[in-house]
Amino acid sequence: MSVRSTLLRRVVATAALSMALGSTQAFSADRELLNASYDIARELFAELNPQFVEQWQEEHGESVSIKQTHAGSSTQARAILQGLRADVVTFNQVTDVNVLAEKGELIPDDWQSRLPNYSSPYYSTMAFLVRKDNPKDIHGWADLAGDDVALVFPNPKTSGNGRYTYLAAWAASNHDNGEDEAATRDYMKKMLANVEVFDTGGRGATTTFAERGIGDVLITFESEANNIRNQYGPDNYEVVVPPVDIMAEFPVTWVDSNVERNGTEDLAKGYLEYLYSPEAQRTLAQYYYRVNDDEISEEFAERFPQTTLLRIEDAFGSWEDVMQTHFTSGGELDQLQRR
Amino acid sequence: MKRIGDGAATRLGLIALAVIMTTLFLVIPLAGIFYQAFAEGLAPFWQNLTSNFTREAIGLTLLIALLTVPVNLIFGIFLAWLVTRFTFPGRRILQTLIDIPFAVSPVVAGLLYLLLYGRTGWLGSILSEHDVQLMFAWPGMVLVTIFVTCPFVARELIPLMQAQGSAEEEAGVTLGASGWTLFRRITLPNIRWALVYGVILTNARAIGEFGAVSVISGSIRGETINLPLQVELLYQDYNTVGAFTSAALLAALAIVTLMIKALLEWHTHRREETA
């Protein structure tokens with residue numbers, strides 16, 4: 001080997017090592033907070049975190065850094081059970097936070113009462129993304145069961161997004177026909193039969209609808225529907241919010257066992273409380289999430305059509321009941337899909 | 001005598017078929033990656049390439065490769081030496097065991113490690129008491145990459161060392177050479193090229209590994225995301241240009257690796273001819 005190639009090797013090795021080491025020391029913050037979040041919230045928290053860091057610096061004179069991890073919230077819950085040291089969780093499924101209490105005893109059972117609005121700083125609902133000028137005339141859940149309407153939404157068995165769609169359709173139908181369960185089952189059968197593609201997750205469903213051009217209606221969170229519309233061309237799609245809909249909570253909590261170990265309890269609480277502040281609520285509303293702050297809601301009123309929102313707990317009892325009755329194998333969903 | 005496929009038409013047809021298949025399945029997708037990366041011009045490409053998160057993903061990818069390659073280099077030589085130069089009970093079983101990482105799906109490998117080293121795992125619970133975090137941190141990612149890539153060097157060396165036999169080394173022993181001298185002066189020069197080849201394959205796989213690391217990464221941005229994970233993450237994020245920028249980076253690394261490989265092959269070939 002020549003001297004030159006040896007030298008080259010050394011330079012490459014040193015560069016690689018310094019880059020790798022540098023990457024872990026890029027921030028010289030005093031404390032770190034790890035936020036485990038759902039998969040489509042990346043941009044949202046990329047905007048919220050610097051605002052919080054700045055505010056915390058001003059109020060406490062401490063520089064902190066927020067790290068993010070994003071994946072399906074069930075995946076995140078499982079990772080935390082397996083040892084991912086997230087200080088706080090910001091999920092889009094109440095059930096996935098419950099798992100942390102039930103299976104891991106990492107948080108207390110009454111976690112929902114620790115922060116305002118059932119620990120949900122923002123919420124959303126299900127919306128219909130339809131093609132330009134709404135050619136199939138879709139306005140409410142009942143229209144989805146019509147003849148010649150092709151639906152796209154993720155599989156309720158594998159996706160929380162799909163689960164909400166299923167539950168919203170059920171609850172809205174029950175609401176409209178005065179709790180006539182037989183009529184609701186009939187409706188659900190027709191509606192589920194109209195599904196053209198059952199993707200496993202929200203991203204897949206979006207691709208199916210927007211890129212492959214399949215289906216007349218994509219059903220997803222209102223926030224997602226608006227983002228997809230902006231992404232794929234506001235002129236090509238319309239967002240329709242039905243008059244009766246489900247309340248989709250976005251629960252947050254700190255993970256007690258992890259903040260204890262990391263010494264970040266005050267920081268974790270401060271971070272989650274920040275999400276309720278007017279500044280954060282404005283950012284959330286800009287991302288098409290509905291918020292509880294009255295002034296901000298009013299400011300963004302034209303973004304969020306009026307609708308009657310039903311809570312899962314009011315319409316179905318509890319999440320535990322919902323999972324048991326509807327989504328276990330052989331449950332309501334399986335029976336409805338049997339032909 | 002006329003063999004099948006000797007006719008000019010058949011030959012042309014087969015060549016055309018090979019060219020079309022290669023273009024369709026290899027060249028076009030590869031070109032597509034670069035096309036997509038530059039689809040919105042140079043500026044977005046550059047912006048994605050130089051973003052903090054991409055830089056950190058590159059850093060982590062290199063760190064994993066940098067730690068994986070030496071470990072498997074030593075492990076591979078040791079194993080090949082053991083299997084080809086000594087006979088002992090269980091030798092054949094050992095030779096089969098080496099292939100386990102090839103046979104097992106990387107996702108399964110990741111899950112195995114998670115089961116073992118996770119918070120509730122057998123070893124993980126002990127480590128957790130001593131505040132050692134392997135899973136959802138870069139050491140775990142290095143660990144599974146080492147597992148997934150450990151057969152490459154040994155698999156390259158074993159057939160060669162078997163074919164070469166131990167005659168030269170035995171001669172060395174009769175002349176009074178020590179074990180280390182034997183290895184350094186006889187074994188190593190003989191297996192040099194196979195070794196380099198094994199390292200290249202190990203390196204390529206370590207850089208591109210997705211399945212196993214995705215299970216145990218926890219995908220903490222700027223901390224446990226390597227380039228392949230970054231590709232998926234950006235794609236999920238509707239950042240097509242970003243995803244394809246990282247993909248192009250990986251593809252470029254692969255192409256460089258293959259070029260080094262081709263160069264080495266050419267080099268060996270020439271050496272053999274002159275020898």
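Each chain gets a letter, A, B and so on, in the order its sequence line appears, and its residues count up from 1. What you are looking at is a predicted structure, and each value in this text was computed from that prediction instead of being measured.
- At most 12 heavy atoms of other shown residues, nucleotides or ligands fall within 6.0 angstrom of atom CD in A:Glu105.
- Between A:Leu34 and B:Ile220 the shortest side-chain heavy-atom distance falls below 4.5 Å.
- Residue A:Gln68 holds its CD atom at 12.0 Å from CD of B:Glu223, rounded to the nearest 0.5 Å.
- Both tests do not hold together for B:Arg221 against A:Phe45: distance to the six-membered ring centre under 6.0 Å, angle to the ring axis within 45°.
- Heavy atoms of A:Thr75 lying under 4.5 Å from chain B are absent altogether.
- The environment of CD in A:Gln57 is crowded: more than 12 heavy-atom neighbours from other residues, nucleotides or ligands sit within 6.0 Å.
- The most heavy-atom pairs under 4.5 Å with chain A, out of B:Thr61, B:Thr120, B:Leu114, B:Leu67, come from B:Leu114.
- Contact of B:Tyr117 with chain A is not made at all, since no heavy-atom distance falls under 4.5 Å.
- Side chains of A:Gln82 and B:Met135 form no contact here, defined as non-hydrogen atoms less than 4.5 Å apart.
- Using modelled atom types, no side-chain atom of A:Gln76 and backbone atom of B:Gly218 make a donor-acceptor pair closer than 3.5 Å.
- For a residue to count as touching a neighbouring chain, one of its non-hydrogen atoms must lie under 4.5 Å from one of that chain's; by this rule B:Ser217 does not touch chain A.
- In the displayed structure, B:Glu265 atom CD is contacted under 6.0 Å by more than 12 heavy atoms of other residues, nucleotides or ligands.
- A:Arg261 approaches B:Asp131 most closely through the heavy-atom pair NH1-OD1, 2.9 Å.
- Checking side-chain atoms of A:Arg42 against main-chain N and O of B:Leu233 turns up a donor-acceptor pair under 3.5 Å.
- Contact between B:Arg119 and A:Ile80 at its shortest, heavy atoms only, is NE-O, 4.1 Å.
- In this structure, A:Arg203 contributes its side chain and B:Tyr235 its backbone to a donor-acceptor pair below 3.5 Å.
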